[in-house]
Amino acid sequence: FLITIATCCCFTAGLEAPKKPNVLFLVSDDMRPQLKKAYGVPFMITPNLDKLAESSTVFDRAYTNFAICSASRNSFMTSRRSDQVQVWNFINDFRQSLYWNNETDQTLPQYFKSQGYLTLGAGKLFHYGTPPKNDEPWSWSADKPYWNPYVGADWNKTLCPVTSLVCVRPEDQSVDTQFADYNETVETVNNLKYAAGKFHNDGTPFFIGLGVTKPHAKWNVPARYFNHYMNSSFPLPDNMYSPANQPEIAFTAELDGKETISLGNSTAIPGSLAQGLQDTWAVPIPNDNAVPDWATKVIRAGYYSAVSMADYHLGMALDALDELGLRNSTIVIQLADHGYSLMEHTELAKHTNFETALRVPLMIRVPWLPDTHGKHVDSFIELLDVYPTLVGLANLPPPDCRIDGKDMSPLLTNPSTATAKTAAFSQYSRCPDQDREHCAMLGNPLWCLNNCEEVFANEIASMGYSIRTLDWRYTGWYRWNGTGCTADWETGPFYGEELYKHTAQTPMAPNFNDENVNVAIIPDNAEIKAQLRQLVELHFKSADVRGCPPNYHRPK
């Protein structure tokens with residue numbers, strides 16, 4: 001049995017495309033495109049994703065459409081831009097949107113379900129609570145309930161302070177079953193076993209999703225990963241300063257709504273590194289990075305350790321696919337909901353329109369297309385393109401509902417095809433908190449605690465709309481119309497504009513050291529700035545304005 005599988009897995013040149021191929025949909029949280037094989041980052045430990053990259057098409061210019069979990073997932077799971085699903089916070093979901101019709105519109109798994117697929121899920125695919133119950137029963141088959149444990153259950157409060165960003169666990173306190181992602185993956189393996197039985201018995205195809213929460217903070221990791229990275233040589237950012245000339249509102253000085261960064265002192269850090277040293281700092285503000293280099297290294301080691309944990313858990317699902325004889329009939333896709341800043345521009349986390357927050361890993365494996373294995377695609381691709389691309393690869397009819405994304409499947413076999421994109425678009429909301437004492441003491445700058453996660457849609461202050469081309473990133477910060485829940489396009493980018501020149505680079509290895517000087521104010525750049533602003537407004541502006549979604553929290 002094992003020999004048969006191994007032979008089947010290795011020789012794919014003569015495979016025929018299944019009439020309805022299976023889909024394994026793998027999602028990571030907060031993952032940068034910094035993987036060893038896929039994106040050429042030598043110090044990373046990602047053996048399972050390395051192996052996947054060797055047999056996949058790797059997209060070198062993949063971008064999220066909104067750099068925060070709920071908004072991104074509501075977007076790519078529906079192939080709708082955020083202004084269409086009306087999700088800019090952690091309150092609303094796409095089924096509340098005034099642009100969504102529950103009778104005709106379908107999510108990605110819901111569409112596959114309508115085509116006769118068994119759809120099963122575990123972990124963080126949609127954001128927790130938005131939509132409620134992980135969109136059961138709409139998106140998922142009734143055969144097995146969606147499996148989603150409480151994600152914070154594996155934080156060891158005895159070992160590590162709740163406030164600590166990093167929790168390094170000794171091996172005797174790092175049993176697999178103590179981690180939520182492991183348990184979600186075990187359930188995914190069980191889902192694959194169940195689906196394999198149906199597939200082998202009656203040919204029922206499946207769409208199975210797994211969402212691991214790593215490397216989302218907090219970084220609750222075994223010592224073996226953390227110690228490896230702390231003993232390794234990896235670079236710190238060259239640009240640990242805020243971009244020159246940036247508008248106030250472009251920056252965010254908060255860490256998931258908090259005013260401080262804490263490493264938990266020696267409780268979290270093995271050995272004597274943090275003994276007697278300061279362990280808590282105010283979140284950096286523009287032109288004032290108070291976090292020392294040693295702490296930045298600890299932060300990065302914690303994050304990289306969480307990436308390696310995510311690789312381990314995703315590898316469990318990939319191995320199960322092979323062991324069950326499903327590899328050659330299954331499309332595999334791996335992506336992240338958005339990126340993450342690791343002190344570039346003195347930013348920690350996402351919540352911006354910078355390259356670090358918007359760029360993501362994306363790999364697609366199609367076993368019966370051997371010429372696509374190990375190939376890199378240089379074209380831009382957006383996460384909202386994933387839905388129609390999977391539909392195209394599965395040879396299914398286009399969904400009979402609004403889809404904002406584009407089927408990019410021709411890029412796998414012909415990277416120079418006309419379906420290639422020359423730009424990626426994104427947006428981010430801003431809600432400066434002028435009622436907090438902390439911000440008042442600083443003079444209520446627009447960068448202070450400006451997270452919109454728990455702000456009603458009609459109370460958002462500004463929306464930054466961004467375009468990334470090969471050579472430029474432009475972002476315009478518009479006032480928000482709280483009546484129509486749309487940008488105030490008539491007054492233009494009221495809160496300011498950003499224009500960053502991107503230097504020539506190999507796309508495989510993302511250059512996160514760009515976007516350091518905003519050149520929007522330079523007269524010689526007026527023409528390109530105007531052109532990019534026009535593209536942004538043509539892309540996002542709509543005559544169909546229906547108002548705001550309801551202002552209430554849906555039950556979890």
Under 3.5 Å: donor-acceptor pair, side chain of [X], backbone of [Y]:
X    : Y    : value
H373 : V366 : yes
W480 : A457 : yes
S462 : Y478 : yes
T107 : Q110 : yes
E347 : T252 : yes
E254 : N451 : no
N89  : I91  : yes
S97  : Y99  : yes

Please give me the minimum heavy-atom distance between [X] and [Y], naming the atom from each residue.
X    : Y    : answer
A336 : V360 : O-CG1, 3.7 Å
N551 : N458 : ND2-OD1, 2.6 Å
T119 : P109 : CG2-O, 3.4 Å
T260 : V283 : N-CG2, 3.6 Å
S72  : T64  : OG-OG1, 3.1 Å
R430 : A250 : NH2-O, 3.1 Å

Hey, can you tell me if [X] and [Y] have their rings parallel, tilted or perpendicular (30° and 60° cut-offs)?
X    : Y    : value
W219 : Y303 : perpendicular
F425 : F540 : perpendicular
Y229 : F43  : perpendicular
F66  : Y428 : tilted
F94  : W100 : perpendicular
F126 : W140 : perpendicular
F112 : Y117 : perpendicular

In Å, rounded to the nearest 0.5 Å, how long is the span from [atom1] of [X] to [atom2] of [Y]?
X    : Y    : atom1 : atom2 : value
S79  : L384 : OG    : CG    : 5.0 Å
C448 : L446 : SG    : CG    : 10.0 Å
N353 : Q427 : CG    : CD    : 8.5 Å
I45  : S305 : CD1   : OG    : 7.5 Å
C485 : M463 : SG    : CE    : 8.5 Å
L411 : K406 : CG    : NZ    : 8.5 Å

**Report entry** Name of the residue among Y387, F206, F207 meeting ring-ring contact (aromatic ring centres under 6.0 Å, His included) with F25
**Finding:**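 So the option named by the test is F207.
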Query - Enclosure of K375 NZ (heavy-atom neighbours >12, cutoff 6.0 Å) - result: yes
Report task. List the steps and the verdict of side chain to side chain donor-acceptor pair (under 3.5 Å) for S82 and S75. Result -> CA-CA 6 Å; S82 296; S75 173; 4.8 Å; no
Just by distance, with hydrogens left out, do [X] and [Y] show a side-chain donor and acceptor under 3.5 Å apart?
X    : Y    : value
W147 : N191 : no
S164 : S262 : no
N74  : D93  : no
Q246 : H345 : no
R359 : H338 : no
E515 : H502 : yes
E136 : N134 : no

I'd like to know if [X] pairs up with [Y] as an ion pair, taking the criterion as any Lys NZ or Arg NE/NH1/NH2 lying under 4.0 Å from an Asp or Glu carboxylate oxygen.
X    : Y    : value
D135 : R95  : yes
E344 : R300 : yes
D105 : R80  : yes
R468 : E382 : no
K350 : D30  : yes
K124 : D181 : no
K36  : D50  : no

Taking the side chain as C-beta and beyond, is there a heavy-atom pair between [X] and [Y] under 4.5 Å?
X    : Y    : answer
L314 : N48  : no
L52  : R365 : yes
Q34  : P361 : no
Y225 : H228 : no
P243 : Y500 : yes
F59  : L335 : no
H539 : I467 : no
L412 : V377 : no

Query raised in the report: With respect to K421, which candidate in D385, D378, D407 satisfies the salt bridge (Lys or Arg N to Asp or Glu O under 4.0 Å) definition?
Result: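 Filter result, single survivor: D385.
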Query raised in the report: What do the steps show when you test S70 against T130 for side chain to side chain donor-acceptor pair (under 3.5 Å), and what is the final call?
Result: CA-CA 7 Å; S70 184; T130 53; 2.8 Å; yes
Query raised in the report: Does the side-chain contact (heavy atoms from CB on, under 4.5 Å) test come out yes or no for L318 and K51, once each step is laid out?
Result: CA-CA 10 Å; L318 292 167; K51 187 164 61 174; over 6 Å; no
Requested in this report: Apply side chain to side chain donor-acceptor pair (under 3.5 Å) to R169 and Q178, showing your working.
Outcome: CA-CA 11 Å; R169 298 170 66 143; Q178 295 175 330; 3.0 Å; yes
Report task. Examine F234 together with Y304 and report whether their ring centres are nearer than 6.0 Å. Result -> yes
Query - Audit row: Y182, T177, side-chain contact (heavy atoms from CB on, under 4.5 Å) steps and yes/no - result: CA-CA 6 Å; Y182 175 84; T177 53; 3.8 Å; yes
Requested in this report: Could you walk me through whether S466 and R473 pass side chain to side chain donor-acceptor pair (under 3.5 Å), step by step?
Outcome: CA-CA 7 Å; S466 190; R473 176 175 296 285; 2.9 Å; yes
